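Below: one structure, written as structure tokens.
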2 protein chains.
Amino acid sequence: MARTTGSDGEKTEAAVREAAVNLIARLGYEAMSMRQLAAEVGVQPAALYRYFPTKEDLLFTLMREHMEGLLEAWSAARPANTDPVSQLAAYVENHIAFHIERRHATHVSNMELRSLSHERLTQILKMRTAYEKELRKILRDGAEAGAFEIDDTGLTAMALIQMMTGVIVWFRPGERLSIAEVTGSYLSMTMRLVGATISHGTARPFGRAGDAVAL
Amino acid sequence: MARTTGSDGEKTEAAVREAAVNLIARLGYEAMSMRQLAAEVGVQPAALYRYFPTKEDLLFTLMREHMEGLLEAWSAARPANTDPVSQLAAYVENHIAFHIERRHATHVSNMELRSLSHERLTQILKMRTAYEKELRKILRDGAEAGAFEIDDTGLTAMALIQMMTGVIVWFRPGERLSIAEVTGSYLSMTMRLVGATISHGTARPFGRAGDAVAL
DNA sequence: GAATTAATTGAACGTTCGTTTTATTAATTC
DNA sequence: GAATTAATAAAACGAACGTTCAATTAATTC
């Protein structure tokens, strides 16, 4: 056989990406074979090479697009001309929503960095650093404005990001907690952690979590 | 050739363990070959199988001993009959000290779980859960005693552990911050995060970080 | 409807993998 | 110092790996 009826390059490539994210998240990049991936897509191994010249190209594409998506999501969610507390709240909400929605892709982007070539690793890390820089700026602005009490901006940013991203390790949609509840709790913990003393105006129903932000 | 002069089983096994932790942390379990490991130790691949019957046995041994070490470290560090704030402080200090000291082993234990058989994975996760349970108990006791203000004990415990363990991702000994400074900052952030309102009596030099614990 | 392009199969390549087997030598025991 | 045990080397096993190549068929273009 050769070309199959109804075959479509775009659809196949999309199927490859989706299957790859899931398989790599579950098995790890090194442990996933191109044969397994092909079987999951329902295609012969050789067909994969029409879309991705090497296995590493596939990994890099997934990672790059994940990071681009994260930066774009924050660009769209970032509030303009507001106080640091509101900005921090927006950052936390965007971060958690994005990562819960893309658990598998986040897993891949965080765990498989060592499988990239040096050049491509640098490229991904550059994007990650840019994203973290946004948080550091919010924290610095807030500290200077007296809205936060922070020891070390860089250290606090890393601690917050690791805390928030950690959500994907234990959170499962549809279990004990809803996304809104989780987000509310993390928002509350974040505000306490940075010593936020000024209300950020939003009167959302965080329950006890909301009260903790020193409204 | 065969047995080499001066060869010693205990020393070789120790060398294998140490090299394995470093190689797996750097390359990943799947990416590290037994041949690479043997070369690092200065031995032929077949010699490894005298000490570890399979590659997975080697991984499991490293992980199990790491987790046992963590539980033992906490057992030794856990203060008896003190207030929840002091207990939490001890937990944070022990956790960070242990993880900074064993960065590579922690990396292995956290990242390579999926390479274990189901049975062994369960065994490791049981130890991990037991360790996390200790933190949850401290948080619950503190919340009941009015020393902490916590939304959700389980969620807070996960957030704290992920935040603390994250230290190994960015911390490098001998760079900008000392271990004491990092520990102080994390202690401060932890106490704020859980809404600690009672001093825990220790007057250590955390600087501004210490002040933040509402002394 | 012929020519061209897109999509895929099937088979194979050389390499590397974890592991086993057998032989050999050093250290220890008696 | 002979017998035994401990520790390794050397070579090989079959299986799986990422990838390539040529052939083949579906869809599209003209």
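Naming: A, B, ... by sequence-line order, numbering from 1 per chain. Keep in mind that what you see is a predicted model, and the values were worked out from it rather than measured.
Distances were taken from every side-chain heavy atom of B:A46 (C-beta onward) to each of C:dT8, C:dC17, C:dT21; the shortest belongs to C:dT21. The side chain of B:Y51 has D:dA7 as its nearest neighbour among C:dA11, D:dT19, D:dA7. Picking from D:dG18, D:dT25, C:dT19 the nucleotide with the shortest atom distance to the side chain of B:M34 gives C:dT19. The B:R35 side chain lies nearest to C:dT19 when the options are D:dA23, C:dT19, D:dA26.
Ring geometry for B:H95 versus B:Y131: interplanar angle under 30°, hence parallel rather than tilted (30 to 60°). Taking the six-membered ring where tryptophan is involved, the planes of B:F98 and B:H66 are tilted, since the angle between them lies from 30° to 60°.
A close approach under 4.0 Å does occur between a side-chain nitrogen or oxygen of B:S33 and OP1 or OP2 of C:dC17. Note on B:T12: a side-chain N or O is less than 4.0 Å away from OP1 or OP2 of D:dT8. Contact between the side-chain N/O atoms of A:Q44 and the OP1/OP2 oxygens of C:dT8 is not found at any separation under 4.0 Å. The phosphate of C:dT8 (OP1 or OP2) has no side-chain N or O of A:Y49 nearer than 4.0 angstrom.
Separating the NZ atom of B:K55 from the P atom of C:dT20 is a distance of 14 Å, rounded to the nearest angstrom. Counting to the nearest Å, the C1' atom of C:dG18 and the CD atom of B:E30 are 11 Å from each other. The distance from atom CE of A:M32 to atom P of D:dG18 is 7 Å, rounded to the nearest whole Å. If you take CD of B:Q36 and C1' of C:dG18, they are 13 Å apart, rounded to a whole angstrom. In this entry the distance linking CG of A:L37 with P of D:dA16 reads 18 Å, nearest Å. Taking atom NZ on B:K11 and atom P on D:dA6, their separation rounds to 18 Å, with Å as the unit. Rounded to whole Å, the distance from CZ on A:R50 to P on C:dT8 is 7 Å. The CD atom of B:E13 sits 14 Å away from the C1' atom of D:dA6 (whole-angstrom rounding).
Salt bridge status for A:R192 with B:D151: absent, with no side-chain N to carboxylate O gap under 4.0 Å.
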- request: Could you please spell out the steps behind the side-chain contact (heavy atoms from CB on, under 4.5 Å) verdict for B:L139 and B:L160?
  value: CA-CA 11 Å; B:L139 295 181; B:L160 281 178; 4.3 Å; yes

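Sparse packing is recorded around CD of A:E18, with 12 or fewer heavy atoms of other residues, nucleotides or ligands lying under 6.0 Å away.
As the counterpart of D:dT29, C:dA2 is assigned, both hydrogen-bonding distances of the Watson-Crick or G-U wobble pattern falling under 3.5 Å.
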